[in-house]
Protein chains: 2
Amino acid sequence: MRLVIARCSVTYEGRLNAHLPPATRLLMVKADGAVLVHSDGGSYKPLNWMSPPATLHTTAPTAEQAEQGVVEVWRVQAAKSDDRLMILIEEILADQSHELGADPGLVKDGVEADLQRLLAEQIGLLGDGHTLVRREYMTAIGPVDILARDPEGGTVAVELKRRGDIDGVEQLTRYLELMNRDPLLAPVRGVFAAQQIKPQARTLAEDRGIRCVTLDYDAMRGVDDAESRLF
Amino acid sequence: MRLVIARCSVTYEGRLNAHLPPATRLLMVKADGAVLVHSDGGSYKPLNWMSPPATLHTTAPTAEQAEQGVVEVWRVQAAKSDDRLMILIEEILADQSHELGADPGLVKDGVEADLQRLLAEQIGLLGDGHTLVRREYMTAIGPVDILARDPEGGTVAVELKRRGDIDGVEQLTRYLELMNRDPLLAPVRGVFAAQQIKPQARTLAEDRGIRCVTLDYDAMRGVDDAESRLF
DNA sequence: ATGTCAATGTCGTGC
DNA sequence: GCACGACGTTGACAT
């Protein structure tokens, strides 16, 4: 990894065009050719960047560029598209390289898959007497997150989200339409389950007769831990 | 901005839990407290991070941590949530700071807003005789990108996307349902306009009687430039 | 390779 | 401040 602090201007041409006027920034060049242009603020997104795989070509400035104070020109070309980044460097304030090696990578806990596993184990959260049929129940248009039965034996399709948005309601609606055409399954009721449900999503869901259930991940994980300790 | 190359392990606790085993990485600390943990590959997303505003507290390791080779402990606490990042440093290979100053920021061209402006100016692309009513026509459930009239005086609602996906068709469908309940507007026809339209989206749209129009941004910008040169 | 869906999404904008 | 939609979304996973 090469780290350069430089006064520079940056131009991106690809899916759109974007330009950065001259300022002092961090230029990060990764081993796979990725280039990131960072300022000293903001979240993790760079001001401008090139995704890997890419190649960096360093050239001398043209006479005209040199006249305007440019001392070095970087051209970064994406390998798989015609996206390109041009960096006009006016002054290099620091330049160092380090060998980092491969990274073992990130281990996550608490994503939608974990929520799905916990809800399948604690299916009673949908209401007393519910039983699990299966997770990832396949339909022609994709998998329903959880299929269950209510105490009366009716089929219940659960769409699960960490954050419940209109998109999720639309997705569940499509599943319900399809499944309710199948006489072996119909009638199928829908449940929209999420850690948080946006008001607009709740309104749309209830308009369509879809029940909304808010899930408490920490509580569910607590139950899971308690159950684990029994064994 | 402070740049540290260090062998370290990282733990994030917040909206989910995530952990990075020990390895050599870049730690970037920005002026607003943001912390980024980057490996030497992958796109612009860090392996782990803390969004600003945040504060970094550096402490000595506990006896137990020191025994496992930790020489320094960083605790990064988000200011507005209880998200936190803990970085256990085993060895610092480089450590430098630079003053970058504020950044003038990025100038973009070619986003959906530009496409919308161009289509409004070149509304005939929807078909001969079309006229613009207005952009961002507000409805109860959100703004319709472009409202127009066809040569027969019928109302046309345009949903505009750079990439035409099923989501966009659903969005337009919601608008059309609502507007067609309004006797002053009905009947309203729908047009799904995008630079690229996915086959699934096209199928769904045409199923619902929504016309699909593919837009050529470069050509539209060319016309725009040509018109500009007239004045 | 391609398509689909989640994301610690982030980022801007309008209310 | 909240809510909503775009994003050069990126990234993981299944087909």
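What you see below is based on every heavy atom in this structure, not just the backbone, and it leaves out hydrogens, waters and symmetry mates. Note that the coordinates shown come from a computational prediction; the quantities given were computed from them, not determined experimentally.
- In terms of the side-chain contact (heavy atoms from CB on, under 4.5 Å) criterion, residue partners of B:Pro22 (sequence neighbours excluded) are, by chain and number, B:Ser9, B:Glu90.
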Letter by letter from the 5' end, nucleotides 8-15 of chain C scores (B base, S sugar-phosphate only, - none; protein heavy atoms under 4.0 Å) BSSS----
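- Here the range on DNA chain D touched by chain B, meaning any atom under 4.0 Å from one of its heavy atoms, is D:dA6 to D:dG11.
- B:Asp109 is linked by a salt bridge (Lys or Arg N to Asp or Glu O under 4.0 Å) to B:Arg221, counting only residues two or more places apart in sequence or in another chain.
- For residues 194-209 of chain A, the set of pairs meeting the salt bridge (Lys or Arg N to Asp or Glu O under 4.0 Å) definition, not counting sequence neighbours, comprises A:Asp165-A:Lys198, A:Glu170-A:Arg208, A:Arg202-A:Glu206.
- Proximity of a side-chain donor or acceptor of A:Arg211 to a complementary backbone N or O of A:Leu126 within less than 3.5 Å is detected.
- Base pairing in DNA chain C yields stems of at least 3 consecutive Watson-Crick or G-U pairs, both distances under 3.5 Å, namely C:1-7 with D:9-15, C:9-15 with D:1-7.
- When the P atom is compared between C:dG12 and D:dT10, the two are found 16 Å apart, to the nearest whole Å.
- The C1' atoms of C:dG9 and C:dC5 are separated by 13 Å, rounded to the nearest whole Å.
- For the pair A:Asp167 CG and C:dC5 P, the computed distance is 10 Å after rounding to whole Å.
- Applying the ring pair (Phe, Tyr, Trp, His ring centres under 6.0 Å) test to every pair with at least one member in residues 8-38 of chain A, sequence neighbours left out, gives no pairs at all.
- Residues that satisfy the side-chain contact (heavy atoms from CB on, under 4.5 Å) test with A:Val223, not counting sequence neighbours, are A:Gln122, A:Glu227.
- Listed by first then second residue, pairs satisfying salt bridge (Lys or Arg N to Asp or Glu O under 4.0 Å) with a partner in residues 13-28 of chain B read A:Asp103-B:Arg25, B:Glu13-B:Arg84, B:Arg15-B:Asp83, not counting sequence neighbours.
- Look at the C1' atom in both D:dA6 and C:dA7: the space between them is 15 Å, to the nearest Å.
- Applying the salt bridge (Lys or Arg N to Asp or Glu O under 4.0 Å) rule to pairs touching residues 31-55 of chain B yields nothing, sequence neighbours excluded.
- Atom CD in B:Gln196 sits about 13 Å away from atom C1' in C:dT2, given to the nearest Å.
- Partners of B:Asp182 by side-chain contact (heavy atoms from CB on, under 4.5 Å), not counting sequence neighbours, listed by chain and number: B:Leu184, B:Leu185.
- At a threshold of 4.0 angstrom between heavy atoms, the contacts of A:Lys161 are confined to the sugar-phosphate backbone, with no base atom among them.
- Going from the C1' atom of C:dT8 to that of D:dA14 covers 24 Å, rounded to whole Å.
- Toward the 5' end of DNA chain C, the nearer of the two residues A:Ala113 and A:Lys80, judged by each one's closest nucleotide, is A:Lys80.
- The residues B:Lys161 and B:Asp167 are annotated as not salt-bridged, no charged nitrogen and carboxylate oxygen being separated by less than 4.0 angstrom.
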What donor-acceptor contacts under 3.5 angstrom involve side-chain atoms of residues 48-58 of chain B, with partners at least two apart or in another chain?
residue: B:Ser51; atom: OG; partner: A:Ser43; partner atom: OG; Å: 3.3

